[in-house]
Amino acid sequence: MRFLIVLLAAPAAAQVSMDTLNAVAWTQTSVEYRASAMQAWSAARRVLPQALKKKSWTAALEQTGKFKKLPPAIIVDIDETVLDNSPVQARFLLEGDGRYSTKQWEQWTSEAKARPVPGAAEFLKEAASRGVTVFYVSNRGAKENAGTKANLEAHGFPIAAEARGGLGDSVLLREEREGWSGDKSSRRAAVAAHYRVILLCGDDLGDFMPARKPREERDKDAAQYMSWFGERWIVLPNPMYGSWEDTLSGFDRSLTAEQARENKLKALRRD
Ligand SMILES: [Mg+2]
């Protein structure tokens, strides 16, 4: 009884959502995570000679017009594709309420301390040495520009200083130019206007095609391109977050942790 009284008298402890714990622990501690990432970049390495040689080869749905004579480019996403941000996910759990916080995120990216995703830097350096321009199409915001570039450069990721078509350097962040929304299609189109895009690499469906739509539509649209994965499209594992998760909550980020969890439970199938 005394125990109960003490409990009731104590101030309400902040609710920490532990929904991402398993995903973050897997990413940080498992051999299986590192092996999956290595496997993705080995697939990229295997396909590179063919993609370079075959001038009719393109990986971008936005690639239109004559592109056979354009120089080759690879478009990669940054977060959970070439940089591992699982430490900020750990901070959300250990120092926050367990959910995404812009303040904690921007603090993390300003520190420029993310480690490279296993295999990413080696592959992209090899591609650059073979004459491929590497574009980083990321939904990090413009104010994260300096930290992002410093972080990439610290690990030797190749960045082109002056890309063709007046694109500036090859790190293309969200809203850096008018029309560069979170949907990455417009930035892929901007690259494809001046380069033959030979590979797309990412951890989110949005890194390959528009992904902000209901689940049935995503499933249907992606199904047409399943044979591209492991060839033109290289997908990296990320169980921690992504548009797959937003899809389950109708892209409503205002939901409480409980409501989001309820939506996930509803999405489960038992047979
Ligand atoms: Mg990503």
Side-chain angles (χ1 to χ4, degrees), residues 20 23-24 26-28 33-34 36-41 43-44 59-61 73-92 99-102 104-106 108-121 123-124 134-145 147-149 151-152 155 157 159 170-176 180-188 191 197 199-213 218 222 225 228-230 232-248 251 253:
T20 63
V24 178
W26 184 76
T27 305
Q28 292 203 334
Y33 165 72
R34 295 194 294 280
S36 302
M38 291 302 293
Q39 187 169 260
W41 294 114
L61 300 176
I74 290 176
I75 298 179
V76 298
D77 165 55
I78 294 179
D79 298 316
E80 288 25 276
T81 298
V82 303
L83 293 180
D84 166 12
N85 300 291
S86 60
V88 74
Q89 299 289 330
R91 292 182 193 184
F92 297 157
R99 305 187 85 197
Y100 175 85
S101 134
T102 303
Q104 283 177 301
W105 173 265
E106 287 177 353
W108 163 251
T109 59
S110 75
E111 292 171 19
K113 283 205 306 216
R115 299 178 194 181
V117 166
F123 169 70
L124 294 173
V134 179
F135 284 91
Y136 303 83
V137 173
S138 165
N139 280 342
R140 287 189 180 194
K143 70 163 132 169
E144 295 172 87
N145 193 21
T148 301
K149 275 184 210 156
N151 202 160
L152 291 170
H155 298 292
F157 282 104
I159 299 175
S170 66
V171 179
L172 312 183
L173 303 185
R174 181 171 47 88
E175 307 297 355
E176 213 175 72
W180 287 6
S181 65
D183 182 307
K184 295 179 171 179
S185 299
S186 55
R187 281 173 282 170
R188 282 193 293 269
V191 174
V197 180
L199 285 176
L200 298 181
C201 312
D203 66 298
D204 193 293
L205 185 61
D207 297 323
F208 308 98
M209 57 162 59
R212 212 181 148 82
K213 45 196 164 192
R218 280 163 61 91
Y225 296 97
W228 286 28
F229 286 106
R232 290 180 239 199
W233 292 355
I234 303 297
V235 68
L236 279 297
N238 176 12
M240 299 182 291
Y241 65 89
S243 63
W244 63 270
E245 184 179 22
D246 293 313
T247 300
L248 300 180
F251 295 89
R253 291 236 171 137

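Indexing begins at 1, ligand by ligand and atom by atom, following the structure's order. FYI, side chains are in, hydrogens and waters are out, and symmetry mates aren't considered; it's all heavy atoms of this structure.
Note on D183 versus R212: no salt bridge recorded, every NZ/NE/NH1/NH2 to OD/OE distance being 4.0 Å or above.
The aromatic rings of Y100 and W105 lie tilted to each other, with the angle between the two planes from 30° to 60°.
When the N, O or S atoms of D203 are ranked by distance to the Mg ion (ligand 1), OD1 comes first. Looking only at N/O/S atoms, D79 comes nearest to the Mg ion (ligand 1) through O.
Side chain of W233 to backbone of G230: no donor-acceptor contact under 3.5 angstrom is found.
Residue L83 forms a side-chain contact (heavy atoms from CB on, under 4.5 Å) with just one option from R115, R140, K113, and that option is R140.
At a cut-off of 2.8 Å, D77 coordinates the Mg ion (ligand 1) through an N, O or S atom. Put simply, E80 stays out of reach of the Mg ion (ligand 1), with no N, O or S atom under 2.8 Å from it.
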